Structure formats: structure tokens, C-alpha cells
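First up is the structure itself, then whatever we jot down about it.
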Amino acid sequence: MKAARTLQGLQQPQSLIGYVRQFLTPTVWKQARGVVPQRRSAPRWDLQPLVVVMLAMTWATGDSESERFEKARGYYVACHESRRRPGKTFVGFQKAMRRGPMRQLRALAAGVRQQIHARLGSRRIVDGFEPMGCDGSRIECPRTPELERGLGQAGKNDAAPNVWLTAFVHLPTGLLWSWRLGPGTAAEQEHLRHLLATLSPEALIVCDAAYMGFDLVRAILGVKRSFLFRMSSRVGLYTLEVANLEDWTEGPVLYWPNYVQKRGKAPIQCRLIRIPAKGKGKGAVKRDVWLLTDVLDPARLSAATAAKFYRWRWRNEGLFRTYKRVINKVKLAGRTVALVHREAELSLLATQILLAHADLALRTATATDGPVISPRKVLIEIRKEIDAAVKPKVKCYHERLAGCRTGCRKQKSPKATRKWPRRKPHKPPKPPGLHTLTQEQKALLNKHMSAAG
């Protein structure tokens, strides 16, 4: 009976909002609302309509934010006909977004992560580990004075403001797991340390060489998690006996940087694995991959399994490509720090739900088997669902044409209020030169006027 009830609870829904409710359950909403004190009067934009409309805006089509808002709001109203209608204006929606506490959105993301964890079941574990890839990427923001002050500049002097995104991806399925946002100059290793609490005890953290650091490794081992990092020539390792890299396959090493030795701290016992390069690349030299892990027993983590997990790390890049190109978040639209962070938080939640509901609906085999899921095709079907649910009552063309007039606003503010990089400052033209005709010019002018008539 218990198994039958569990199967009934995990039956596949038939609509998009049904899939969304699989992750945004009443328990998750209650958990997010409990983070902040309850208001006496119900606001026009409660947490639920605010989040659902923002998710639909991330998925919907439109040439502008206001156009996507109209579609998303119409979709929410169509799916919640018996509930109170949210506000009608995009400006009011943005004000409500700015007022919404970020800790509520983070609690909502934590609840969704718990739902994904429960629904993946045994599929989240592969060969005794839960491989989790971590990587980061920058997201461009508009060039507004507030964002330039709040986010700073990363890279070139004339670079636009950026948000740094660090994300964990469940490598067997490619699902977005957890993330952390910061300014473009944020330290990705520090982000990873904050995200350790979102991982299960079976997690194996898979990263490239940029994340290697003694303090980070200590932090990972301190919370009893495992790691698999790629090595580079910047890292020095020690062996008890003389060893030759050319003959190395795998073996125990000590990770003990010089500054750690000077501090009097003990080394970290690790295992160095060499993955030989396969074949010769066209136009590029393929090199062996060197991996460092704290799993000392080869029977628990073999070299072949370690190589497989590191090959899956490329799914981190696939996640960023989906977020930036498919979801179209190469550049965020918010023009204040508060709006940028909330837009990024909820658009990442929309990406997570898009990938999770498609994976759970289409994969019926083990975690790594089955057809490859196309996020682009899933998004197309989501957009069809939103457009079909809205079904606006279209007026006749003549009535719609009557509203196509521009406003009569008078220009009061200056057209250019600040200096833009890579653009010369505008210099208004000087007044023309005013001269007095000489006697010769007057005689010539009279001659021309007489000839003309």
C-alpha cells in the first residue's frame, strides 16, 4: 500500500502548471513564507503570483519585458481563476520584486532542491557517489550608474557591470542543483565554500584546475565531502619515494604547499590519477589529464570511474549555455542591484524547473541512459502551453489601431546624463559667425539682385 501511494504521488501531470506544482508544493511555499514575518494585510503581489509570473516571464516570448509580463500574468490568471488577481502594471510588478526579500527566494530554491532530491531517488547515485560539478560564469548587466557602483568592473576598464554566477550541476543528469550570486569580481572558491551545505554526504565535487586550493580542500574535508580536482603545473605534490611522472599511473601523494608548511599545518593525503590522452586531436595537442582526489582506495573510486566523472564535468558548460542562449540570459534586464539579483535568482529557478521536469518525465532508465533531452525543444513546448492558456480576446483591428499613438511627454531631462565608454563626449555646435557686408560685397549683391529680376 505504501508503494502504491508513493507511485500515485509521483504520477506524471498533464499540464505545465501541474509539473511546476510538483516542485513548488504547498510545503515549499509554506517553508518560504515562514522565513519572514507574516503581514497583516494581504499584498496585491503575494509571493506565489510574484514567483510564478517571473518564472513564466523567463519562459515566454516577447520583444520587451512588459510584453512578456502581460503574457506571464495572463498565464497565471488562467491557471488560478479562483484566486485574487495580481496587479496589472509592469511597474507595480517591479516594485513588488524589489520589496521581496532574497532570503524568501533562497528558501524557495532550497525547497525545490529537496523535491528534486526526493524524485531522483537512486538515480542520483552513480558508482557509490553523487558527482557534482562546480563552475562559474559572468552574466552581463546594463550600464547604469547604480550597477556600476554596486557590482564594480571585472576585466577591462570599459567592461560592463557583471554578476558572477557559481553553480553546482548534478553531473549524471545535467540538472542545475544549487547556485550563488555575487559581483563580477567575486571569488569562485569562496562561493563554492558557501554552497557545500547544499550537498549530500555522498557528494563528489568535480572541478577544473582553477578551483584548486589548500584552504578549499580543507573546507571540503571538514564537512566530510569528497573531491576530484584537475591538476596543473601550478600545484606541487610530494611523494615518500622517488617517482617519475612519465611512468605514473596512480598512487598516494601529499598536498603540502610551502606556505602551509611555514604555518606548521599538516599535509593532506591524496591520490593522484593519470588519465592518458586518447588519439591525436586535429590542430590541437591532446594532453594527459591529471586528477587529484581524497578517495585513497582504488576499489572505491577507480581510475576509469574518475575519468568518466571528469568527462561529465563538461555538463557544467552545457548548463551555462542553456541559461544564456536558450533562456536568453546573456544579459540581465534589471537596472538596479535589487532587481538584477532577483531576476537572476528566479530565472535560475526557472531553468532548474525546466530541466528537472523534463528529465523526470522523459528518463525512465538509469541516470546516464536514455535519450538526450533538448532544453530548446522543451522551452518551445512551454511557450506553446503559455500562449494556449492565455487566449486573449482580440479586439477588431480598427479599435487596436486607435491605441497606436505616441505619448505627448515633454523632454525635461538632459538627453545625455553620463559619460559612456568607447564613445566620444557630445559637443554641441558653436554659434555661426556673424559678419557685416563690405562695400564690394554690397555692390556684388546688388548686381545679382538686378540680374534676377
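Not measured: the values here are computed from a predicted model. All values below come from the heavy atoms of this structure, side chains included, with hydrogens, waters and symmetry mates left out.
A cation-pi arrangement, defined by a distance under 6.0 Å to the six-membered ring centre and an angle within 45 degrees of its axis, is present between Arg313 and Tyr310.
Checking Trp179 against Glu345 by side-chain atom types alone, a donor-acceptor pair falls below 3.5 Å. A donor-acceptor pair shorter than 3.5 Å cannot be found between the side chains of His170 and Arg124. Remark: the Thr58 side chain and the Lys329 side chain contain no N/O donor-acceptor pair separated by less than 3.5 Å. No hydrogens or angles considered: a donor-acceptor pair under 3.5 Å links the side chains of Glu130 and Ser200. Looking at Lys324 and Ser137, their side chains do bring a donor and an acceptor atom within 3.5 Å of each other. For the 3.5 Å distance criterion, the side chains of Gln48 and Arg83 qualify, holding a donor opposite an acceptor.
A salt bridge links Asp46 and Arg33; the closest N-O separation between the charged side-chain nitrogens and carboxylate oxygens is under 4.0 Å.
With rounding to the nearest 0.5 angstrom, the CD1 atom of Ile273 is 10.0 Å from the OG1 atom of Thr249.
Heavy-atom neighbours of Arg325 CZ from other residues, nucleotides or ligands within 6.0 Å: at or below the threshold of 12. Counting non-hydrogen atoms of neighbouring residues, nucleotides and ligands closer than 6.0 angstrom, the CG atom of Asp288 exceeds 12 such neighbours.
Residues Trp29 and Leu108 form a side-chain contact, since some pair of their non-hydrogen atoms from C-beta on lies under 4.5 Å apart.
Nearest heavy-atom pair, Arg342 versus Met97, reported as atom, atom and distance to 0.1 Å: CD-O, 2.7 Å.
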